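Quick caveat, the model's predicted, so the values are computed rather than measured. When a ligand or atom number is given, it counts from 1 through the structure's own listing order.
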Amino acid sequence: MTAAAKPAQAPQKTILRALAGETLPTPPIWMMRQAGRYLPEYRATRAQAGDFLSLCYNPELAAEVTLQPIRRYGFDAAILFADILLVPQALGADLWFVTGEGPRLSTITDQSGFDALKPASAIHDTLAPIYETVKILSRELPAETTLIGFAGAPWTVATYMIAGRGTPDQGPAHALREGAPEVFDALMARITEATIDYLSMQIEAGAEVVKVFDSWAGSLKGEAFQRYALEPAREIITALKARHPDIPVIAFPREAGDGYIGFAKATGADCVAIDNSVAPEWAAEHVQVDGCVQGNLASSHMVTGGQALVEATERVVRAFSDGPHIFNLGHGITPDADPENVALMIEAVRNFRA
Ligand code: CP3
């Protein structure tokens, strides 16, 4: 073989190709919460760490649980194992998890609560172990697997910092933004600044893509959606692109409905992740026209399985097959899911022929 005939560079990773706008014959696939309680090996490592937060702050074990679903299923991407609520903790909030119930935090209800927070520049003291996890992963992941870093979006993070827990309607956060807008805006600005720095550090440690989770974007309507979901996403993405122009960003304004339309263009996101409250055919027509989309199989199929799972999976792949697509669930996989159903979903995606 002459030098000129040598095979070209190995093809770029499939996730990165889809994020660059390429339509692939088979969509790359990963799954929100792919490292989690539905896996026995995750539960064993969490027990070894002691509890969930100790696992997040233990780089060796956090890297181990990140790798577990890659070994078991060969997903095309690994998502850093951590949590969106580590940023509030790094800003000085108390954080703990109540088994079977979820997160608890100290609450911010007024100016003095905001004033007690640390500056954004202080977060790295707490978050240094997370950057270490990213470094381990960028060494240990298979060459074809993309490493995704992440953070919560300011609105979603603020809802937990204000209420001190998950809330069905984000009532306390809406009350603060209406009743004390100066406190609320200051909090949003602090989280935004911390998030930009946190994601930048993940990128410098080796994250190849970052995703911003706005799980509660759906409770913001009209102008409030523009101001507290779209605008912070635009600010974060603009700042990241200035520092790291080649790193793709996935935005997930969950349950945004019509708000998904034009979200990528308005914010500069390379991909919009879609929840399963919208039909994939609708999202293909209205969102995928602007570029890559990720989603959107209902995670309940990971519990129920069977032919319905195969048909729903094929429907998602078919709906998005004319444009760039990353296959995923519409939200995280739940602890009661059957690991066999995950294998069935992956097989259905990879075997699909239009
Ligand atoms: O997706 C992954 O595998 C990466 C790791 C990851 C976790 N949380 C681990 C986790 C990611 C990306 C998150 C994001 C996250 N965390 C979000 C946004 C996405 C979403 O689900 O809407 C939110 C809102 C949180 C906050 C949070 N963390 C809640 C509300 C809970 C409790 C609910 C639950 O599922 O128990 C967590 C805990 C949590 N984060 C677990 C995991 C694996 C379960 C904790 C355990 O092992 O006991």
So does D258 pair up with K221, basic N to acidic O under 4.0 Å? no
Here the atoms of ligand 1 under 4.0 Å from any heavy atom belonging to S215 are 18 (C), 19 (C), 20 (C), 22 (O), 24 (C)
Could you measure the distance from the CG atom of L297 to the CE atom of M302? Nearest 0.5 Å is fine. 5.0 Å
Protein contact of atom 11 (C) of ligand 1 - nearest heavy atom, named by residue and atom, plus distance: F150 CZ, 3.6 Å
Closer than 4.0 Å to some heavy atom of A35 - which atoms of ligand 1 meet that? 3 (O), 43 (C)
Counting heavy atoms only, which part of T99 comes closer than 4.0 Å to ligand 1: side chain, backbone, both or neither? neither
Quick one: do K241 and D246 make a salt bridge, cutoff under 4.0 Å? no
If the threshold is 4.0 Å, N to carboxylate O, is there a salt bridge linking K13 and E208? yes
Here the atoms of ligand 1 under 4.0 Å from any heavy atom belonging to P103 are 29 (C), 30 (C), 31 (C), 32 (C)
Looking only at protein heavy atoms, identify the closest one to atom 37 (C) of ligand 1 and say how far it is in Å. F97 CE2, 3.5 Å
Nearest to atom 25 (C) of ligand 1 by heavy atom, I79, T66, I84: which? I84
Atoms in ligand 1 flagged as close to L80, the criterion being non-hydrogen separation under 4.0 Å: 4 (C), 5 (C)
Taking only Lys NZ, Arg NE, NH1 and NH2, and the carboxylate oxygens of Asp or Glu, determine whether K265 and D290 approach each other closer than 4.0 Å. yes
Which one of M31, Q34, R33 has a non-hydrogen atom at the shortest distance from atom 13 (C) of ligand 1? R33
Ring centres of F81 and F52 under 6.0 Å apart? yes
Trace of the ring pair (Phe, Tyr, Trp, His ring centres under 6.0 Å) decision for W216 with H174: CA-CA 11 Å; W216 299 118; H174 286 293; over 10 Å; no
Which is it for R37 and ligand 1 at heavy atoms under 4.0 Å: side chain, backbone, both or neither? side chain
D83, T159, L86: member with heavy atom nearest to atom 27 (C) of ligand 1: D83
Nearest-option assignment for atom 43 (C) of ligand 1, heavy atoms, candidates Y160, W30, Y42: Y42
Starting from atom 46 (C) of ligand 1, find the nearest protein heavy-atom neighbour and note its residue, name and distance. R46 NH1, 2.9 Å
Does the separation of the ring centres of F184 and F114 fall below 6.0 angstrom? no
Residue, atom and distance of the protein heavy atom nearest atom 20 (C) of ligand 1 read H331 NE2, 3.1 Å
Backbone, side chain, both or neither: what part of A82 comes under 4.0 angstrom of ligand 1, heavy atoms only? backbone
Between H124 and Y198, does the ring centre distance come in under 6.0 Å? no
Between R318 and E281, is the closest basic N to carboxylate O distance under 4.0 Å? no
To which protein heavy atom is atom 42 (C) of ligand 1 closest, and what is the distance rounded to 0.1 Å? F52 CE1, 3.5 Å
Within the structure, does R254 bring an N/O atom to less than 3.5 angstrom of an N/O atom in ligand 1? no
Can you tell whether the side chains of K211 and D270 come within less than 4.0 Å, N to carboxylate O? no
